[in-house]
There are 2 protein chains.
Amino acid sequence: MPYDDDIWGEFVVAALDQFDRKILALLQENARLTGSELAGKVGLSAAACLRRVQRLRETGVIERDIAVVDPRVFGKRMTVIVLLTLNSDRPDRYNLLRAELEKTPEIVQCDHVTGAHDIVLRVQVADMEEYAAFVDRVLVRPYIKRYESLAVLGHIK
Amino acid sequence: MPYDDDIWGEFVVAALDQFDRKILALLQENARLTGSELAGKVGLSAAACLRRVQRLRETGVIERDIAVVDPRVFGKRMTVIVLLTLNSDRPDRYNLLRAELEKTPEIVQCDHVTGAHDIVLRVQVADMEEYAAFVDRVLVRPYIKRYESLAVLGHIK
DNA sequence: CAGATCTTGCGGTGTTTTCGCAAAATTTGT
DNA sequence: ACAAATTTTGCGAAAACACCGCAAGATCTG
């Protein structure tokens, strides 16, 4: 085999060489690069590049290709990062909360964390009024002990 | 004009009709849909769909197309959310810090916020050791008064 | 209601991707 | 270290796709 196989969670995936890594790095920045554009940047023929991209997709290394849409288009001009602290005496409700957070459309990113807080949300809303409604609807509940809102002033990255 | 113009920050952008919104929703899920696939789903001809996509790109509604790569491929299995508090007596260094954060490869997301902290980072690293090195290299400096690390246990969304 | 403006669908054209094939490169077994 | 087996490469043809111009239709303006 030209590549060494590598264990990867439960999956066995062909290891990636320098060409694959270069291609991935480029496609993560701009997924619309054509075969010949890739060819010029990685030093392989267009066909070889495209075959590699094809395999990266099939094996799930490239999970999907998405269009990044300016959130302001949907009138969601305001981003808030929310730090949640839960009541540790009600751990049974965690799964329930988790399921609800997953369904809430204003929440665009949500992670379970360890440290001074328990959950970090990224919330996308139109304005303060909508954010206030979101807080009332989603965050004001017994299992949530405390929440801290950090309004995003600007995206650095 | 078939569309009403709408003020949008400093830009004037044609308002989006139901077709544009449908197209955007589809492309946000899968940017590789072809013209005829879009046509079947939105009820326009392939050419009309592609013309709309083209305009959405030109006007910046679609900012870019990116490949979503499984982060485990790069061995970056650990995500940490970092809350930074800056020394308010050195505001002149903010732009310098900002430029450095932008260049730092471990930082995959970075927002300037208002509230109990000043900056929120999302950091992708291989393991604790690499995170420790990141902290020493990037976070230990005079202008940063405090940092709080929240290691991500699981992604809810 | 008429003129101006924009969008649509169609068809042709150029680009991009996909596929087969033989040669070159890499790996495996002895 | 050598030869067979496997894999990847580059090239060229074929298919799929995106792009552009044009005439017709739709929408907007005064």
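In what follows, every chain begins at residue 1, and chains take the letters A, B, ... in the order their sequences are listed.
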Quickly work out the [X] [atom1] to [N] [atom2] distance and round it to whole Å.
X     : N      : atom1 : atom2 : value
B:L44 : C:dC10 : CG    : P     : 12 Å
B:L38 : C:dT8  : CG    : C1'   : 16 Å
B:R32 : D:dA18 : CZ    : C1'   : 14 Å
B:R57 : D:dA18 : CZ    : C1'   : 11 Å
B:D17 : D:dA26 : CG    : P     : 16 Å
B:L56 : C:dT7  : CG    : C1'   : 14 Å
B:Q18 : D:dT27 : CD    : P     : 12 Å
A:R51 : C:dA24 : CZ    : C1'   : 13 Å

- Item | Pairing of B:K76 and B:E106 as salt bridge, 4.0 angstrom limit |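 No, B:K76 and B:E106 are not salt-bridged.
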
- Message: Does this structure show an ion pair linking B:K145 with B:D89, if we count only N-O contacts that are shorter than 4.0 Å?
- Response: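 Between B:D89 and B:K145 there is no salt bridge, as every charged N stays at least 4.0 Å from the carboxylate O atoms.
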
- Message: Within the 4.5 Å heavy-atom criterion, are A:H112 and A:Y94 side-chain neighbours or not?
- Response: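 Yes. Closest side-chain heavy atoms under 4.5 Å.
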
- Task: Determine: side-chain N/O of A:R55 to OP1/OP2 of D:dT8, distance under 4.0 Å, yes or no.
- Result: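 Affirmative; the distance criterion is met.
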
- Closest listed nucleotide, where the reference is the side chain of A:L50 and the choices are D:dC19, C:dT17, C:dG9: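 Nearest to the side chain of A:L50 among the choices is C:dT17.
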
- Quick one: which of C:dT8, D:dC20, D:dT9 gets closest to the side chain of B:A48?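 The listed nucleotide nearest to B:A48's side chain is C:dT8.
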
- Message: Between B:V138 and B:L150, is there shared hydrophobic-cluster membership here, with clusters defined by ILVMFWY side-chain heavy atoms closer than 4.5 Å?
- Response: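 No; tracing contacts between hydrophobic side chains, which count when under 4.5 Å, never links both residues.
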
- Using a cut-off of 4.0 Å on non-hydrogen atoms, how would the nucleic acid contact of A:A47 be classed: base, sugar-phosphate, or nothing?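 It contacts base atoms.
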
- Item | Whichever of A:A46 and B:E37 has its nearest DNA chain D nucleotide further upstream toward 5' |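 Closest to the 5' end, via its nearest nucleotide, is A:A46.
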
